Amino acid sequence: MNFKMQDVKLDLGMTAFENMFLNTYVQMADGDALKVYLLVYKDAYNTGLVDTKKIQKQLSFTEEKFNECIEFWINMGVFREKKNPRGENFIEIVSLRQMYYGDNSKSDNEISFDQAGRKSIMFDNIERILDRSLTPADITRIQETLIDYDSDPELVTEAFRQGKANGNMDVKYVLGYIKTWRDQGVFTLNDLKMREERQKLARNNSPRQYRKKSSTNDDVKNYAQKAREERFRKMLGED
């Protein structure tokens, strides 16, 4: 079935939603939570002011039900509780796009563009490895790890590959690889490969320790020999 947008003759306003949100959360959230998100986003996007009482009335929601929907988005990492300079609480609507690519508003030089592209590839690869979409909480943890440990995106992808190979793809667990590698002086995928090659070379050059293993055949022979000696003693009348 094909769809086509009607040509707009009269513009009464439009709200642009990030495709990344629509692709990730429409199938995850229930209808009530989506209704709250869409109306809150619309007001914040167009006017910068959100009248929660108006939205509650519009949806015929109690304050408790409305707050449950807000809490859902906070837990999903889409809404973020913050304080302004005056110490007043407010909720920030997170940009998934910026969460993926980081803040490149300071410049559009080739380095920033290259880093954003590498992050995009990293997130795509991680989602393929996990076989699911990353949540905002996952993305935040990964972004913070990249910054805190000064690691390359390719190294983070490798951490998830190794996590899958070891049977544990929990995001917190996998990011533990990055901390361990940082402590070992590994910050890039090339650093990791060089370290693995040095370890392999050290193993090959180390003196090999041989341990004599008991032979099953020898054990059988010894048992047979003892049995013959026992029979021989009985024939001689020995105890």
Side-chain angles (χ1 to χ4, degrees), residues 1-8 10-105 116 119-147 160 169-172 175:
M1 183 181 296
N2 293 325
F3 295 88
K4 183 179 179 182
M5 295 292 292
Q6 181 183 9
D7 293 334
V8 178
L10 180 63
D11 185 6
L12 297 178
M14 181 176 292
T15 303
F17 292 93
E18 291 185 353
N19 288 336
M20 293 175 70
F21 171 83
L22 299 175
N23 293 336
T24 303
Y25 291 101
V26 167
Q27 66 269 31
M28 294 173 60
D30 64 23
D32 290 340
L34 273 175
K35 291 174 186 177
V36 169
Y37 177 87
L38 295 176
L39 293 177
V40 167
Y41 186 98
K42 177 182 74 69
D43 286 352
Y45 181 87
N46 288 289
T47 67
L49 299 172
V50 178
D51 187 341
T52 59
K53 297 297 183 183
K54 182 193 74 175
I55 294 175
Q56 290 174 36
K57 184 177 180 181
Q58 186 176 353
L59 296 174
S60 298
F61 282 1
T62 63
E63 183 176 2
E64 181 182 2
K65 185 174 183 61
F66 179 84
N67 289 335
E68 286 176 357
C69 294
I70 295 297
E71 190 66 26
F72 170 82
W73 292 115
I74 291 174
N75 292 334
M76 295 300 292
V78 176
F79 286 172
R80 183 184 296 154
E81 294 179 294
K82 302 186 76 173
K83 288 182 180 293
N84 63 22
R86 297 186 298 275
E88 299 168 338
N89 295 324
F90 71 96
I91 293 177
E92 179 182 65
I93 301 175
V94 175
S95 168
L96 302 183
R97 178 176 50 196
Q98 185 158 305
M99 194 180 290
Y100 258 70
Y101 300 118
D103 185 3
N104 293 313
S105 59
K119 283 184 180 180
S120 176
I121 294 171
M122 174 194 70
F123 284 121
D124 287 344
N125 287 334
I126 290 172
E127 289 186 335
R128 278 194 286 270
I129 292 170
L130 298 179
D131 195 26
R132 67 170 176 83
S133 297
L134 291 167
T135 67
D138 294 334
I139 298 168
T140 298
R141 290 192 186 101
I142 294 170
Q143 289 278 29
E144 290 174 347
T145 299
L146 285 170
I147 296 171
F160 278 90
M169 293 188 290
D170 178 76
V171 173
K172 291 182 180 179
L175 294 179

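Quantities reported herein were computed from a predicted structural model and do not represent experimental measurements. Values below: every heavy atom of this structure, side chains too, minus hydrogens, waters and symmetry copies.
With values rounded to the nearest 0.5 angstrom, Asn84 atom CG is found 12.0 Å from Glu92 atom CD. Distance CG/Leu59 to CD/Gln56: 9.0 Å, rounded to 0.5 Å. Here CG of Leu39 is found 5.5 Å from CD1 of Ile55. Values are rounded to the nearest 0.5 Å. Distance CZ/Phe61 to NZ/Lys53: 14.5 Å, rounded to 0.5 Å.
Using a 4.5 Å heavy-atom threshold, the side chains of Asp138 and Ile126 count as separate. You'll find the side chain of Asn125 stays beyond 4.5 Å of the side chain of Phe160, heavy atoms only. Annotation: side chain of Phe123 is in contact with side chain of Gln143 (closest heavy-atom distance under 4.5 Å). Put simply, the side chain of Leu146 reaches to within 4.5 Å of the side chain of Lys119, judged on heavy atoms. Looking only at side-chain heavy atoms (C-beta outward), Trp73 and Ile93 stay at 4.5 Å or farther from each other. Using a 4.5 Å cut-off on side-chain heavy atoms (C-beta onward), Lys54 and Asp43 make contact. Put simply, the side chain of Ile147 does not reach to within 4.5 Å of the side chain of Glu144, judged on heavy atoms. Considering only heavy atoms from C-beta on, Val94 stays 4.5 Å or farther from Phe79 through its side chain.
Judged by distance alone, the side chains of Gln58 and Lys35 never bring a donor and an acceptor atom under 3.5 Å apart.
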Residues Glu68, Asp32; criterion side-chain contact (heavy atoms from CB on, under 4.5 Å); working and verdict
CA-CA 10 Å; Glu68 286 176 357; Asp32 290 340; over 6 Å; no
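The environment of CD in Glu88 is crowded: more than 12 heavy-atom neighbours from other residues, nucleotides or ligands sit within 6.0 Å. The environment of CG in Asp30 is crowded: more than 12 heavy-atom neighbours from other residues, nucleotides or ligands sit within 6.0 Å.
Of the possible polar contacts, none joining the Glu81 side chain to the Asn89 backbone as a donor-acceptor pair under 3.5 Å is found.
For Phe21 and Tyr41, the ring centers are positioned 6.0 Å apart or more.
In this structure, Ser133 and Glu127 approach most closely via the heavy-atom pair CA-OE2, 3.5 Å.
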